[in-house]
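Reading through the structure tokens given below for one structure.
A note on names: the letters A, B, ... follow the listed sequences, proteins ahead of strands, and every chain is numbered from 1.
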2 protein chains.
Amino acid sequence: MTTNPTEPDDAFHVFDTTLRDGAQREGINLTVADKLSIARYLDEFGVGFIEGGWPGANPRDTEFFARASQEIDFRHAQLVAFGSTRRAGAKAAQDPQVKGLVESGAPVVTVVAKSHDRHVELALRTTLEENLEMIRDTVSYLREQGRRVFVDCEHFFDGYRANPQYALTVVRTAAGAGADVVVLCDTNGGMLPAQVLDVVSAVRRETGARLGIHAQDDSGCAVANTLAAVDGGATHVQCTANGYGERVGNCNLFPVVAALELKYDRRVLPAGALAEMTRISHAVAEVVNLAPSTHQPYVGVSAFAHKGGLHASAIKVDPDLYQHIDPAVVGNTMRMLVSDMAGRASVELKGKELGFDLSADRDLVGRVVARVKERELQGYSYEAADASFELMLRAEVEGSAPSYFRTESWRAIVEDRPDGSHANEATVKLWAKGERIVATGEGNGPVNALDLALRAGLERIYPQLTSFQLTDYKVRILEGRHGTESTTRVLITTSDGGAEWSTVGVGENVIAASWYALADAYTYGLLRAGVEPADG
Amino acid sequence: MTTNPTEPDDAFHVFDTTLRDGAQREGINLTVADKLSIARYLDEFGVGFIEGGWPGANPRDTEFFARASQEIDFRHAQLVAFGSTRRAGAKAAQDPQVKGLVESGAPVVTVVAKSHDRHVELALRTTLEENLEMIRDTVSYLREQGRRVFVDCEHFFDGYRANPQYALTVVRTAAGAGADVVVLCDTNGGMLPAQVLDVVSAVRRETGARLGIHAQDDSGCAVANTLAAVDGGATHVQCTANGYGERVGNCNLFPVVAALELKYDRRVLPAGALAEMTRISHAVAEVVNLAPSTHQPYVGVSAFAHKGGLHASAIKVDPDLYQHIDPAVVGNTMRMLVSDMAGRASVELKGKELGFDLSADRDLVGRVVARVKERELQGYSYEAADASFELMLRAEVEGSAPSYFRTESWRAIVEDRPDGSHANEATVKLWAKGERIVATGEGNGPVNALDLALRAGLERIYPQLTSFQLTDYKVRILEGRHGTESTTRVLITTSDGGAEWSTVGVGENVIAASWYALADAYTYGLLRAGVEPADG
């Protein structure tokens, strides 16, 4: 129970398992750095619990727990370690897997337990009684170690259908041993809302235990199943950002919290968090390197995009006639598809955001819109590259883009030597303040080599460059069906120790694209530093 | 009512509106040819009704209706024309829009009508009574013309909330004028299943009319809302293939019919149709030129893909332990993904999938698991690279990986010339069949150049290479927080015209990583082609 009035209290749990169950999604492969940055986004969004993984099960998760508590100053969320009940016939106190959970240092532990008799016998290969003992022993041991314990009842709904008495006994056993929440899992995702409502209500009535819901989306009903469980008395919902997860996926966090806050009028997030939802959703997608789903409810770029003629005319009268909510409430925006992605309004708003009042000059806005459309056709995307957008905007506003150097030519060489070692060397030929500069760099890759050559050439003239550091580098291949002949988009984030800015480059190959993004990055950085533009 | 026993009867309607409402999806732009081929797929799937568009509203839809009845020999579906009630103050018999519906020749007509008082006044700008008259007049006129009529009550649920009496009057008016089905539309998609169940049950009770449901997915509950309406007494469901539609989209046809057939035991499709669902879903996606959603329930390529170690070990015992249905029932297949979250079981299953029985040799499986974990720690990911996994597996099983050439060295040069043009040149030095080969290639990027150099060097010795083509190329930067000093993972998909295979390479830069993936791609391709491995 927090004392901060802007925080939801413990009466309802928003529990995120993106880093554990979400990571099971095909195509997702998270590094420790990825997990740390997703944890930061989830904490910023204000979920109450972040299940970080299974410490001890693989080195990555162990390292994540060690670093997360050190490196992240959680403002809202508590870190949760996931593990299973102890081995059959052992003692929890001696079970290395259980020990790993305690050693993770996480204040909360989720223990997965079998609740379907068939799974106990076929998968766990033990007796129904021993399974109960495993739950009792594991939960009490973790409680003795001062941990808060939630129990995930795997295959609960199938199990309840097959053997309701045993399923109920599992819930009573977990609660009796000290589990704060017993989570009913639709592990195979086959349930429909009406069934979930019936079962959750019955279990509440029969056991009086505090219940949670963990829904998979195999029937396309995970969001509805989660809400049905809440209708049935569950006060703990387990979800993942963007619905990432095994097979079809887990219950999507975003439509669930949006429904609870906007349609149930229930405060489940800190004040103001909902308005960050679209940004957080897209940021997490970037980290896992999946394109954000354009048609995701609430947060998709198309979620409030209107195309129908009927709609268009009605929306002119009153936008709410064809929207279930105001998009701004979830940080999204309405788009009319008669115009294109980059409408005049969004450019004006963007300009304002960057300190340019464009409302006066309709022609200028028109030129910028045309330019954005032309660049986006080439593969540019300014959504995540404000710095490049500002440089492009200034070129239109001020007649020419600020410039600090002119490129004559550059060359990058990557060599795989007979001894297996690699050499990466780059040469740049530049003009700055009327001076011709030739510089070379050696790096661990061609882009790194180009980066170092560029710095070597310019740092004497622009010492500010020494404080610049590349903090993020992303590559996306466009039109991937053309194999290695695709165009490439590179996004670079640069920091001067304090601020960070992002730039984009597009080219027919990754090196050329990186060069354009690098050039923008240094140009914008020098502009930020207040350096007077100097022609090449 | 059809006499064909393998056909569902008229008691329940599967009504598809992909060609009308689905076409409103951002990014979809259907030609008449597209519409005709989608109509063929939908008829083959066995939906009862295909809403083809709004004849008269645009030339494309008019042409579609003219050609569909000529060119398509419908086996299951009836063609439906969509239009609206007549203009205020006119007569249906004189309304050109209504005439267009009759002239389309479609045996069934869906008429959209306002049922929300606010929309009648704000959008339609007429009186509540005139709106009722428009419905009465339009429906009776179309019935006189021998058409079967369904009425779509736009914004019904919002309207019922605002003014239940008026909404009910609209339903009574439509049914009274001769509409066979009155369809309650959640036009803005804001409803949740519990609300839909309440409203549909109440309207059934109050009016006795035959009801249908049209749900949009803005709350992420369209499938559940549609099923809730069926629970409430609706016997007509309007959906679109793959959930295409305005904003977030419409209710997805596939999970709805699958739930009705498999979970409600209700026959809504012709015998055998469900087993074609995955193919039909992907075929429609191809026609609208959108990549099939990999995570779509039932039909997504990942819908039955298992990654978790817990799951894999249980699946070895019995696949149904982690599947809500048998994938074959919907024409899909189960897949095992190898990842460091998985253990021995998934490696064994994967081996089996590739034709290796590893169950006998525990040490071998242990070695492979260890190798996978070690490689994944370096940044490898085998879940999307079966071919690289098989090469690695063979190296363990057969003592050494099959090899067709040995790399002495390679070099790639990327040059940005003073005239702004780019030169990309690569040289490879290889040994194959005891012969030393030096070859160069020029491409539109360094990887493309390396690819061409490799082919130039090897095609004479291995002519099979000429049929290989790179069809997909993906780059993922790992440990992205280190800027351009990150390691890089490259995934390549190669085709020989028939089969496709995927390989992975990891290196300290994108060129080196691509080289490893290319080498695996060609090695695997030659192995597939039955070429005898030859040491370098």
Using a cut-off of under 4.5 Å for heavy-atom pairs, which of [options] has the most such pairs with chain A?
{"options": "B/Leu321, B/Asp416, B/Leu197", "value": "B/Asp416"}
{"options": "B/Cys221, B/Pro255, B/Gly243", "value": "B/Cys221"}
{"options": "B/Arg417, B/His155, B/His116", "value": "B/His155"}
{"options": "B/Pro193, B/Ala224, B/Ser302", "value": "B/Ser302"}

Worksheet item: So which part of B/Gln216 gets closer than 4.5 Å to some heavy atom of chain A, the side chain, the backbone, both or neither?
Response: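 Contact with chain A involves no heavy atom of B/Gln216 at all.
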Heavy-atom closest pair, residues [X] and [Y]:
{"X": "A/Ala512", "Y": "B/His422", "value": "CB-CE1, 3.5 Å"}
{"X": "B/Tyr322", "Y": "A/Asn188", "value": "CA-OD1, 3.4 Å"}
{"X": "B/Ala305", "Y": "A/Glu26", "value": "CB-OE1, 3.7 Å"}
{"X": "A/Ala303", "Y": "B/Asp218", "value": "O-OD2, 3.8 Å"}
{"X": "B/Tyr298", "Y": "A/Val248", "value": "N-CG2, 4.4 Å"}

Region of [X] in contact with chain B, defined by heavy-atom distances below 4.5 Å:
{"X": "A/Ile413", "answer": "both"}
{"X": "A/Pro418", "answer": "both"}
{"X": "A/Leu192", "answer": "side chain"}
{"X": "A/Ala194", "answer": "side chain"}
{"X": "A/Val510", "answer": "side chain"}
{"X": "A/Asn225", "answer": "neither"}
{"X": "A/Val287", "answer": "backbone"}

Worksheet item: Quick one: does B/Lys263's side chain have a donor or acceptor within less than 3.5 Å of a partner on A/Gly190's backbone?
Response: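 Here the side-chain-to-backbone pair exists.
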Worksheet item: How about A/Asn509 and B/Asn448: does a side-chain donor come under 3.5 Å of a side-chain acceptor?
Response: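 Absent: no donor and acceptor within the cut-off.
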Discussion item. Checking side-chain polar atoms at under 3.5 Å, does A/Arg25 have a donor or acceptor matched by the opposite partner on B/His295?
Written reply: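 There is such a pair between these side chains.
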